[in-house]
Amino acid sequence: MKNKFIHDMLVLDNKNLNTNYFLLTLQPPVEMPIVKAGQFAQVEIKDAKNTFLRRPLSVHDVNYKENTIKLLVQIVGEGTQKLSEIKKGESLNMIYPLGNSFSFPDSDNVLLVGGGCGIAPLLYLARIFSEKGIKVTTLVGGATNADILETDEYLKFGDVLITTMDASIGEKGLVTQHSIFKEDNFRFSKIYTCGPQPMMKALAIIAKEKGIPCEVSLENMMACGIGACLCCVVDTIDGNKCTCTEGPVFDYKELKGWN
Amino acid sequence: MKNKFIHDMLVLDNKNLNTNYFLLTLQPPVEMPIVKAGQFAQVEIKDAKNTFLRRPLSVHDVNYKENTIKLLVQIVGEGTQKLSEIKKGESLNMIYPLGNSFSFPDSDNVLLVGGGCGIAPLLYLARIFSEKGIKVTTLVGGATNADILETDEYLKFGDVLITTMDASIGEKGLVTQHSIFKEDNFRFSKIYTCGPQPMMKALAIIAKEKGIPCEVSLENMMACGIGACLCCVVDTIDGNKCTCTEGPVFDYKELKGWN
Amino acid sequence: MPNLSVRIGNLVLKNPVMTASGTFGYGEEFDDFFDISTLGGIIVKGTTGSKREGNPYPRMAETPSGMLNAVGLQNKGVDNFISDIYPRIKDTDTHIIVNVSGSTIDEYLMVASKLNELEKIPAIELNISCPNVKEGGMAFGTSCPSAIAVTEAIRKVYHKTLIVKLSPNVTNIAEMAKAVEGAGADSVSLINTLLGMAIDAERQKPVLSTITGGLSGPAVKPIALRMVWQVAKAVKIPVIGLGGIMNAADAIEFMLAGATAVQIGTANFIDPAVCPKIIDGIQDYLIRHRNTDVNEIIGKI
Amino acid sequence: MPNLSVRIGNLVLKNPVMTASGTFGYGEEFDDFFDISTLGGIIVKGTTGSKREGNPYPRMAETPSGMLNAVGLQNKGVDNFISDIYPRIKDTDTHIIVNVSGSTIDEYLMVASKLNELEKIPAIELNISCPNVKEGGMAFGTSCPSAIAVTEAIRKVYHKTLIVKLSPNVTNIAEMAKAVEGAGADSVSLINTLLGMAIDAERQKPVLSTITGGLSGPAVKPIALRMVWQVAKAVKIPVIGLGGIMNAADAIEFMLAGATAVQIGTANFIDPAVCPKIIDGIQDYLIRHRNTDVNEIIGKI
Ligand SMILES: Cc1cc2nc3c(=O)[nH]c(=O)nc-3n(C[C@H](O)[C@H](O)[C@H](O)COP(=O)(O)OP(=O)(O)OC[C@H]3O[C@@H](n4cnc5c(N)ncnc54)[C@H](O)[C@@H]3O)c2cc1C
Ligand SMILES: Cc1cc2nc3c(=O)[nH]c(=O)nc-3n(C[C@H](O)[C@H](O)[C@H](O)COP(=O)(O)OP(=O)(O)OC[C@H]3O[C@@H](n4cnc5c(N)ncnc54)[C@H](O)[C@@H]3O)c2cc1C
Ligand SMILES: Cc1cc2nc3c(=O)[nH]c(=O)nc-3n(C[C@H](O)[C@H](O)[C@H](O)COP(=O)(O)O)c2cc1C
Ligand SMILES: Cc1cc2nc3c(=O)[nH]c(=O)nc-3n(C[C@H](O)[C@H](O)[C@H](O)COP(=O)(O)O)c2cc1C
Ligand code: FES
Ligand code: FES
């Protein structure tokens with residue numbers, strides 16, 4: 001059975017969230033394959049002089065009924081800039097679904113923590129968990145309120161907590177400085193996180209202290225995205241593993257230098 | 001005094017003439033510099049993966065009153081393809097006006113001969129000649145009627161003669177097989193031509209036979225377009241000359257292997 | 001339909017399109033995208049005497065029309081290949097060729113003699129050109145005497161088709177090709193990657209953990225094409241051309257320059273289904289140019 | 001404002017940005033686009049003993065992120081340079097450096113000794129790396145003994161700043177650099193073009209009249225950067241880095257790799273006003289990184 005597909009996706013919508021972020025709604029030419037939370041796509045960037053390789057982007061959300069998939073993207077360089085210019089009705093070539101996925105928790109009160117566009121894979125995760133009756137709380141952090149995106153969506157599946165560096169919205173500081181971590185009785189039984197490495201590492205330390213599991217989603221640079229080039233490796237207790245096939249989601253305990 | 005400019009031209013119009021040809025109307029951000037017939041522009045091709053260099057394109061027409069310049073372009077590869085997708089309101093960076101120009105004739109009945117998009121520089125030439133009271137006849141040739149463009153425009157400045165290989169419009173055959181060349185009394189005192197080299201060479205032979213001057217506009221491949229790289233040379237009786245600065249217009253008698 | 005089959009040593013390829021070592025895994029990674037048995041051959045990942053972890057991350061940098069890699073021959077070693085991987089892939093209906101790497105002649109010898117015993121491995125590609133390992137690798141491929149030494153040694157223990165993969169990081173590649181031809185190679189493949197480097201100006205640090213890495217992709221195509229042309233004129237054994245091939249036109253350019261077959265590397269990352277498109281494109285080209293056999297265009301310029 | 005001035009031999013450049021030989025004519029071609037006296041230096045077209053017509057058209061092929069050229073040192077010869085061109089350009093308020101080429105040591109010597117007499121030419125760049133001429137040219141730059149021979153000979157007759165331009169078409173460029181340093185060069189510049197080739201698959205012919213040509217542009221940047229880094233570590237004389245620089249970030253990468261100055265080549269064709277943008281960009285970078293002197297970033301990685 002085929003697991004990975006190359007599809008020319010139809011762009012149903014390209015919504016500008018603000019100057020730095022946009023949201024693509026895409027439709028495959030055939031029925032959507034099964035996609036798991038935490039998986040990603042390798043997206044072709046056409047017409048860009050200096051962008052040679054595809055760009056890995058997490059699956060932000062999936063709607064099987066409407067046969068659509070969403071990507072939430074932050075503009076950081078030429079590739080994402082070009083992607084932000086794509087128009088409704090155009091097509092976007094992508095390879096998907098790639099990578100492993102977040103795993104289900106053993107107990108039912110979990111915390112999802114996203115920094116910047118690291119929240120991208122967490123919406124679909126929140127959806128899937130809440131469908132299974134798992135209680136989800138999402139904590140999102142950013143420099144300022146422009147980095148706090150789509151909170152309405154996350155609210156559908158549970159509480160949303162916010163931190164910003166400038167206190168323009170939510171509590172002031174880093175996500176790891178949020179008051180929930182200072183509560184005597186830490187409410188959550190597992191942490192799922194995606195975002196900047198320093199943030200994820202800090203969360204791993206908290207998880208360790210609290211003695212709870214924590215899954216992190218890495219954003220290593222990739223060439224192929226399908227396990228062929230061995231460029232995307234991360235150093236684990238079992239040696240180098242491919243972020244694109246054995247990740248992007250890892251138990252932080254597997255990762256060398258993370259605990 | 002500055003002669004050459006780099007301008008971000010505003011695209012006022014991009015008119016699809018047919019599947020292979022389009023016409024760009026461009027406006028500089030300042031007053032148009034003086035442009036002579038036969039000169040060309042080096043046009044930047046943005047957002048094209050495999051197009052690295054600028055593309056040379058002849059000035060098709062100039063309107064100082066409206067402060068516009070036109071380019072007539074045939075789609076042959078990636079660069080011209082990308083250019084054909086440019087939209088009204090976008091900007092196009094170009095360096096212009098470049099090269100020498102067609103010279104005025106000694107007497108007043110001249111024949112302009114264009115093959116395919118070789119007609120591009122001839123419209124502006126026809127306009128300038130007719131403004132000076134020089135009688136102009138334009139002969140255009142192509143494979144089929146889809147290659148015969150803008151005849152209305154040329155008609156404003158004199159007669160228009162046509163040949164096509166399939167006789168879909170005008171006389172059947174190559175431009176050089178047109179009946180005017182068979183007339184006992186050849187009417188024209190000078191030939192100006194632009195188009196495929198074999199066509200221009202055949203016209204040069206005719207001019208030689210008839211003992212009249214003939215100016216040809218070469219389309220050598222160019223890197224810089226401004227005389228810096230020496231890539232665009234043509235072999236002349238005075239040694240290698242740059243097509244971009246000492247051309248693109250040459251008296252055929254100057255060119256080695258042309259007579 | 002024009003004939004697409006070509007011959008490399010004792011190997012008859014069903015078509016001239018193979019995949020380049022290190023860019024196509026063990027083939028399995030591409031099963032979802034196309035039927036890999038339609039390939040002329042698959043050259044699997046560089047295999048060494050024992051397991052190697054390769055270089056630390058970051059191992060990759062994107063460059064204009066290309067990429068740098070510094071994977072450094074990460075692989076599980078020849079014994080693991082034989083016990084775990086070989087059984088899985090051996091019955092693929094195309095030639096599976098193993099890229100053999102090492103730090104010492106002894107290591108090369110050990111790997112090659114073990115592979116010599118595998119019934120379904122009809123050829124090896126001797127990688128004397130890997131720029132991403134501290135010892136051996138490219139060092140063998142940048143001096144004639146050492147290229148000769150390793151090729152001669154391997155020739156003694158390896159009895160099937162022996163392809164030697166040349167490094168482009170040399171002054172005179174034709175000389176290198178002649179040297180390994182003389183030492184018993186049945187074919188040469190070129191080019192491996194060009195040694196390059198990327199710097200992150202803002203962080204003021206090299207991008208790769210190893211500072212330098214190997215450049216591949218369309219950026220190197222003009223250099224690869226020139227080298228293939230020079231080598232094809234210099235040797236009598238068949239030449240396998242690679243370096244920046246992205247489409248059928250590129251592949252045909254290499255064949256016109258003298259390559260009997262081609263390998264597709266980095267292009268697999270951009271489009272994992274590019275190989276069958278290239279095979280089809282070659283066929284279309286031959287039909288358009290009224291050739292009945294792909295061998296007619298080899299070295300035609 | 002941070003200090004931008006750098007030193008190459010006896011030359012003090014007002015900033016590290018020069019233009020590369022063969023890509024900037026004699027400077028005059030760019031007068032319409034910016035004030036060329038703002039440049040750190042201008043390296044004019046390769047100049048030979050007598051007039052050369054160069055190679056036949058076609059001399060150029062576009063390649064992925066680059067181009068091949070086979071101009072072949074077309075120029076009017078040193079005497080014409082002295083009588084016609086020098087008087088026109090000598091009072092430009094920047095350093096005018098002549099790129100000296102030849103087929104024989106005698107020709108190099110003749111050109112260099114004549115240029116030695118020109119008051120306003122403070123330096124020459126010895127081109128022992130032109131891949132586009134049948135005799136001499138790159139041949140001098142691909143073997144240590146001949147590079148030493150020509151450099152030593154020139155050093156005897158040329159008493160101002162002597163820059164030797166190295167060929168990248170070698171196995172070990174650091175060795176070449178050390179050889180010419182030992183022979184008396186005040187500085188080395190690198191890289192010249194990489195030997196490449198383009199084929200027109202439809203016409204089944206090489207694109208260039210000379211079959212092979214020199215590759216330049218961003219495609220070669222990773223290779224150039226690596227070579228500059230290797231050479232800067234190997235020699236004590238200042239290194240001038242070039243090869244694919246398109247913008248300030250690229251220029252800074254070369255300086256971080258160890259280049260004291262840079263040259264801008266092919267980029268001038270894409271944007272004839274790119275040089276002042278690069279100078280400004282370097283200044284902005286230094287301010288952003290709180291450097292007061294551009295010399296602080298040289299070799300910083
Ligand atoms: C599995 C995975 C999932 C991802 N999901 C998302 C997502 O859902 N939404 C989203 O906006 N982004 C996501 N990213 C990151 C995204 O791939 C990069 O931002 C994108 O590739 C940048 O491309 P660019 O051409 O715009 O920038 P470039 O010009 O390539 O780079 C701009 C800057 O970003 C840095 N950079 C580029 N790629 C990476 C990387 N992978 N890791 C660290 N730094 C990098 C560069 O070094 C450079 O400084 C994901 C990455 C991975 C590996
Ligand atoms: C002074 C001058 C004026 C020109 N004026 C016009 C004009 O007004 N309108 C117009 O449509 N075209 C004109 N041309 C030709 C135009 O520059 C080319 O068609 C264009 O550069 C092709 O770019 P591309 O990327 O679309 O095609 P590419 O992909 O670069 O090339 C497609 C095919 O065309 C061939 N080709 C490309 N450029 C040239 C060339 N200069 N000469 C011969 N063959 C070439 C290539 O070899 C290839 O086979 C002019 C050229 C010159 C030098
Ligand atoms: C990520 C990566 C890994 C590679 N690993 C190997 C290898 O193990 N052995 C080898 O001989 N070549 C290796 N190569 C080189 C390729 O096989 C090929 O020679 C080179 O990439 C040029 O071809 P291309 O431009 O088509 O990619 C590797 C290349 C890349 C990009
Ligand atoms: C059209 C052209 C002509 C050149 N002529 C010369 C020359 O006469 N002498 C020389 O030393 N280098 C010459 N070069 C090489 C450049 O000076 C430079 O070394 C090379 O192009 C790499 O730099 P770039 O990538 O910035 O262009 C030429 C390059 C080009 C593209
Ligand atoms: S990106 Fe190629 S193996 Fe992961
Ligand atoms: S195109 Fe550069 S000199 Fe004419």
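Protein chains get the first letters and strands the later ones, always in sequence-line order, with residue 1 at the start of each. The structure displayed is predicted, hence computed values, not measured ones. What's counted below: heavy atoms across the whole structure, side chains too, no hydrogens, waters or symmetry copies.
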Practice task
Go through P58(D), A273(D), G217(D), P272(D) and name the one with the most non-hydrogen pairs under 4.5 angstrom from chain B.
Solution key: P272(D)
Handout entry: Best-contacting candidate, G66(D), A219(D), P218(D), against chain B by heavy atom pairs under 4.5 angstrom
Key = G66(D)
Chain B neighbours within [range], where any heavy atom lies under 4.5 Å away:
range: residues 94-101 of chain D; answer: none
range: residues 79-88 of chain D; answer: none
range: residues 25-34 of chain D; answer: G25(D), E29(D), F30(D), D32(D), F33(D)

Can you give me every donor-acceptor pair (side chain of residues 225-238 of chain B, partner residue at least two apart or in another chain, under 3.5 Å) with its distance?
from: T236(B); atom 1: OG1; to: D238(B); atom 2: N; distance (Å): 3.0
from: T236(B); atom 1: OG1; to: G239(B); atom 2: N; distance (Å): 3.4
from: T236(B); atom 1: OG1; to: G239(B); atom 2: O; distance (Å): 2.5

Practice task
Can you tell which part of T266(D) gets under 4.5 Å to a heavy atom of chain B, answering side chain, backbone, both or neither?
Solution key: side chain
Evaluate whether atom [atom1] of [X] has more than 12 neighbouring non-hydrogen atoms of other residues, nucleotides or ligands under 6.0 angstrom away.
X: K76(D); atom1: NZ; result: no
X: K88(B); atom1: NZ; result: no
X: K201(B); atom1: NZ; result: yes

Exercise for the section: Please look at T51(B) and chain D and tell me whether the side chain, the backbone, both or neither of the residue comes under 4.5 angstrom of a heavy atom of that chain. Expected result: both
Completion exercise
Bottom line for N220(B): the part with an atom under 4.5 Å from chain D's heavy atoms is both
Handout entry: Exercise: identify the closest heavy-atom pair between I270(D) and R54(B)
Key = O-NE, 2.6 Å
Any non-hydrogen side-chain atom of [X] less than 4.5 Å from a side-chain atom of [Y]?
X: Q42(B); Y: F269(D); result: no
X: F52(B); Y: T63(D); result: no
X: N240(B); Y: R59(D); result: yes

Exercise for the section: May I ask you to say whether R55(B) pairs ionically with E62(D), meaning some side-chain N is under 4.0 Å from a carboxylate O? Expected result: yes
